[in-house]
K.L.:
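Provided herewith is a single structure, encoded as structure tokens, for subsequent inquiry.
What's counted below: heavy atoms across the whole structure, side chains too, no hydrogens, waters or symmetry copies.
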Amino acid sequence: MNAGGVVYLDLASTPGIGQDELDRRIAGIGDVVAAVHREADRAGMTTLDAAERLAAARLDAAR
């Protein structure tokens, strides 16, 4: 899986995002993927369902 380039291109075009923040977010991709797999295993669901649950929780927290 390679998401670093996609994250970089998306964030690099965001005003106010510096290189440190880009590096931090890219470095965290592996942790997010691992969390999705742990949740999928724990809940007996697909990784897609676990990723969507994580995304929904993050969106709710940002509101």
Side-chain angles (χ1 to χ4, degrees):
M1 217 182 270
N2 182 356
V6 172
V7 172
Y8 181 85
L9 289 174
D10 179 51
L11 292 176
S13 64
T14 303
I17 298 289
Q19 190 64 45
D20 289 343
E21 179 67 9
L22 284 169
D23 292 344
R24 186 187 70 76
R25 297 246 189 128
I26 292 168
I29 292 170
D31 293 337
V32 173
V33 171
V36 167
H37 281 272
R38 279 193 305 274
E39 177 63 11
D41 288 345
R42 184 197 65 74
M45 62 176 57
T46 67
T47 53
L48 173 60
D49 289 337
E52 288 178 343
R53 180 184 283 184
L54 174 61
R58 287 181 169 193
L59 289 171
D60 288 344
R63 291 185 185 139

K.L.:
Listed by chain and number, what are the side chain to side chain donor-acceptor pair (under 3.5 Å) partners of R42, not counting sequence neighbours?
P.N.:
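Once residues adjacent in sequence are excluded, the partners of R42 under the side chain to side chain donor-acceptor pair (under 3.5 Å) criterion are E39.
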K.L.:
Identify, with sequence neighbours excluded, every residue that meets side-chain contact (heavy atoms from CB on, under 4.5 Å) alongside L9.
P.N.:
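L9 satisfies side-chain contact (heavy atoms from CB on, under 4.5 Å) with no other residue.
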K.L.:
Can you name the closest pair of heavy atoms from A50 and A40 and give their distance?
P.N.:
CB-N, 3.8 Å
K.L.:
Test of understanding: with side chain to side chain donor-acceptor pair (under 3.5 Å), list the residues that count as partners of D60, not counting sequence neighbours.
P.N.:
R63
K.L.:
Could you work out, with side-chain contact (heavy atoms from CB on, under 4.5 Å) as the rule, every residue matching L54, not counting sequence neighbours?
P.N.:
V32, V36, R58
K.L.:
I'd like to know if the side chain of T46 reaches the main chain of D49, judged simply by a donor and an acceptor atom lying under 3.5 Å from each other, with no hydrogens or angles considered.
P.N.:
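Yes, the answer is positive, given that a donor and an acceptor are paired below the 3.5 Å cut-off.
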K.L.:
Taking only residues two or more places apart in sequence or in another chain, which ones pass side chain to side chain donor-acceptor pair (under 3.5 Å) with T47?
P.N.:
none
K.L.:
Would a single hydrophobic cluster contain both M45 and V33, if residues Ile, Leu, Val, Met, Phe, Trp and Tyr are joined by side-chain heavy-atom contacts under 4.5 Å?
P.N.:
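No, V33 does not connect to M45 through the hydrophobic network.
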K.L.:
Test of understanding: with side chain to side chain donor-acceptor pair (under 3.5 Å), list the residues that count as partners of E21, not counting sequence neighbours.
P.N.:
R24, R25
